[in-house]
Undergrad: 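I'd like to ask you about the structure that follows.
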Amino acid sequence: MKKKEVMILEDLLGSNKKIAGDIRKKLSEKGILAINLLSSPGAGKTSLLEQLSEVLAPKYQMAVIEGDIETERDAERIRNKGIQAWQISTGGACHLDAKMIGKLFSEIPTDLDFLFIENVGNLVCPASFDLGENLRCVLLSVPEGDDKPKKYPKAFITSDVLILSKTDLLGKLPFDIERAKKEGLDVNPQMKVFQTSAVDGTGINRLARYFIDCLKELRRSHA
Amino acid sequence: MHELSLIANLFEIMEQKAKQKKAKKITYVKLKVGVLSGAVPELLETAFDIYKKDTIADQAKLEIEKVPLKIRCKECGTETIKSDLVLNCGKCRSTDLENLEGTELYLEKMELEIE
Ligand SMILES: Nc1nc2c(ncn2[C@@H]2O[C@H](COP(=O)(O)OP(=O)(O)OP(=O)(O)O)[C@@H](O)[C@H]2O)c(=O)[nH]1
Ligand SMILES: [Mg+2]
Ligand SMILES: [Zn+2]
């Protein structure tokens with residue numbers, strides 16, 4: 001019996017990264033902007049999508065992939081808005097991965113403008129899995145507290161957009177919005193910051209406008 | 001707790017490599033895990049011990065090297081190892097940075113028994 005040491009140097013997330021890269025390429029070629037929404041449970045991802053659909057759906061084609069551990073509830077909420085939605089029930093897994101998105105790929109209409117992916121509510125694990133999105137958005141809601149970015153840095157470091165949600169609750173809870181912004185920008189100075197409320201509609205138009213600009217940019221760069 | 005699915009990926013890579021090398025056993029496995037890899041080393045160890053039973057690596061020893069966050073400033077070229085999570089240059093405070101180390105999650109090497 002011989003003992004032998006071998007160098008490997010392989011990324012444990014290599015296969016996920018490869019599938020995600022393929023998805024991003026195919027969607028981008030079709031001119032579809034994919035947006036991955038991350039947050040802890042209940043930060044308001046589905047509510048935000050419901051509000052965004054009011055602004056975007058009259059002029060743009062959008063669809064939503066809903067990731068949850070169990071139930072079809074979030075997909076049903078989106079369908080009630082007249083928007084096409086698929087539910088991925090992970091059956092226990094705490095995150096979506098690129099393979100799960102890949103399986104749905106053939107069902108995604110080619111004339112879409114926006115493909116939103118609502119990840120499983122979890123501020124830790126989903127951050128490690130590229131889904132082939134063009135934009136990653138992390139929501140931080142007012143009830144969660146303004147100190148979260150440094151406690152859960154990976155979600156913020158890997159995101160392009162920080163959405164401070166439930167701003168209608170500002171003043172009712174001890175949440176310092178400037179501190180939340182600063183904490184977020186400390187860990188990731190490149191993030192764009194938005195403030196939204198699904199209750200009073202604050203910031204929804206501005207965020208939609210930004211997504212539309214990103215879509216135009218994507219199409220310019222793939223023209 | 002996504003460490004279990006990471007370890008499942010690890011075993012796929014390990015078994016494929018062991019087969020290529022015609023190995024009978026895997027006796028040692030070394031991972032490099034960055035502080036910003038999103039994986040917790042202790043949870044990886046637990047998941048590894050659960051997973052290895054009844055595999056070619058059932059006796060394998062796992063070593064994890066933790067890699068700190070290292071950045072290079074694009075303005076002044078300074079390299080800084082960051083212990084806090086304020087991502088700016090240690091010298092000039094610029095936020096225009098390049099990530100050198102600290103996000104990796106690699107199988108670096110293995111020791112095999114070959115007949
Ligand atoms: N005050 C206030 N409440 C909100 C807002 N947005 C959502 N909520 C409430 O927060 C709760 C969770 O909202 P969801 O939209 O289901 O949150 P989610 O992030 O999709 O939740 P999961 O998918 O379970 O992770 C619900 O009770 C919403 O009514 C908001 O802007 N302001
Ligand atoms: Mg939801
Ligand atoms: Zn510098």
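Numbers restart at 1 for each chain; the letters A, B, ... are given by sequence-line order, proteins then strands.
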Undergrad: Among B:Leu97, B:Ile13, B:Thr27, single out the residue with the greatest number of heavy-atom pairs under 4.5 Å to chain A.
TA: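 Option with the top pair count is B:Ile13.
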Undergrad: Do A:Glu5 and B:Met110 have side chains that approach each other closer than 4.5 Å (heavy atoms only, starting at C-beta)?
TA: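 The answer is no, as the side chains (C-beta and beyond) never meet within the 4.5 Å cut-off.
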Undergrad: Say you draw a straight line from CG of B:Leu6 to CG of A:Asn16; how long is it, rounded to the nearest 0.5 Å?
TA: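 B:Leu6 CG to A:Asn16 CG: 9.5 Å, rounded to 0.5 Å.
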Undergrad: Verify the neighbour count for atom CG of B:Asp54: are there more than 12 heavy atoms of other residues, nucleotides or ligands below 6.0 Å?
TA: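 Not buried by this count: 12 neighbours or fewer within 6.0 Å.
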Undergrad: Specify which of B:Ile7, B:Val35, B:Ile114 makes the most heavy-atom pairs with chain A at under 4.5 Å.
TA: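 Heavy-atom pairs under 4.5 Å are most numerous for B:Ile114.
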Undergrad: Looking at B:Glu108, B:Glu115, B:Glu111, which makes the most heavy-atom pairs under 4.5 Å with chain A?
TA: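 So the answer, after comparing B:Glu108, B:Glu115, B:Glu111, is B:Glu108.
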Undergrad: Is the closest side-chain heavy-atom distance between B:His2 and A:Phe129 below 4.5 Å?
TA: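 A side-chain contact exists here, since the closest heavy-atom pair is under 4.5 Å.
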Undergrad: As a quick check of understanding, evaluate salt bridge (Lys or Arg N to Asp or Glu O under 4.0 Å) for B:Glu113 and A:Lys4, giving each step before the final call.
TA: CA-CA 6 Å; B:Glu113 270 179 14; A:Lys4 190 175 169 194; over 6 Å; no
Undergrad: When rounded to the nearest 0.5 angstrom, what is the spacing between CD in B:Glu12 and CD in A:Glu10?
TA: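 Between atom CD of B:Glu12 and atom CD of A:Glu10 there are 10.5 Å.
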Undergrad: Would you check if the side chain of A:Gln190 reaches a backbone N or O of B:Asp96 as a donor-acceptor pair within less than 3.5 Å?
TA: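 No.
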Undergrad: How would you list, in number order, the residues of residues 147-162 of chain A that have a heavy atom less than 4.5 Å from chain B?
TA: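 From residues 147-162 of chain A, the residues near chain B are A:Lys150, A:Pro153, A:Lys154, A:Ile157.
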Undergrad: Go through the atoms of B:Ser37 and report whether side chain, backbone, both or neither lie under 4.5 Å from a heavy atom of chain A.
TA: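 Just the backbone, heavy atoms under 4.5 Å.
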Undergrad: When rounded to the nearest 0.5 angstrom, what is the spacing between CD1 in A:Ile8 and NZ in B:Lys109?
TA: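 Spacing of CD1 (A:Ile8) from NZ (B:Lys109) equals 11.0 Å.
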Undergrad: Please report the interatomic distance CD(B:Glu104) to CG(A:Asp11), rounded to the nearest 0.5 Å.
TA: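 Reported to 0.5 Å precision, the distance equals 9.5 Å.
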Undergrad: Specify which of B:Leu112, B:Thr95, B:Asn9 makes the most heavy-atom pairs with chain A at under 4.5 Å.
TA: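 Of B:Leu112, B:Thr95, B:Asn9, B:Leu112 has the most heavy-atom pairs under 4.5 Å with chain A.
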Undergrad: With respect to chain A, which residue among B:Val86, B:Leu4, B:Thr103 yields the maximal number of heavy-atom pairs within a distance under 4.5 Å?
TA: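 Most heavy-atom pairs within the cutoff with chain A belong to B:Val86.
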Undergrad: Verify the neighbour count for atom CZ of A:Arg219: are there more than 12 heavy atoms of other residues, nucleotides or ligands below 6.0 Å?
TA: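 Enclosed.
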Undergrad: Nearest 0.5 Å please: distance from the CG atom of B:Leu105 over to the CG atom of A:Leu12.
TA: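 If we round to the nearest 0.5 Å, B:Leu105:CG and A:Leu12:CG are 4.0 Å apart.
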Undergrad: Compare every heavy atom of B:Gly38 with every heavy atom of A:Ser128, then report the nearest pair and how far apart it is.
TA: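 Here A:Ser128 and B:Gly38 meet closest at OG-CA, 3.7 Å.
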Undergrad: For the atom pair CG (B:Leu85) and CG (A:Asp186), what is the distance rounded to the nearest 0.5 Å?
TA: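 One gets 9.5 Å once the value is rounded to the nearest 0.5 Å.
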Undergrad: Against chain A, label B:Lys32 side chain, backbone, both or neither, depending on which of its atoms sit under 4.5 Å from a heavy atom there.
TA: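 Neither the backbone nor the side chain of B:Lys32 comes within 4.5 Å of chain A.
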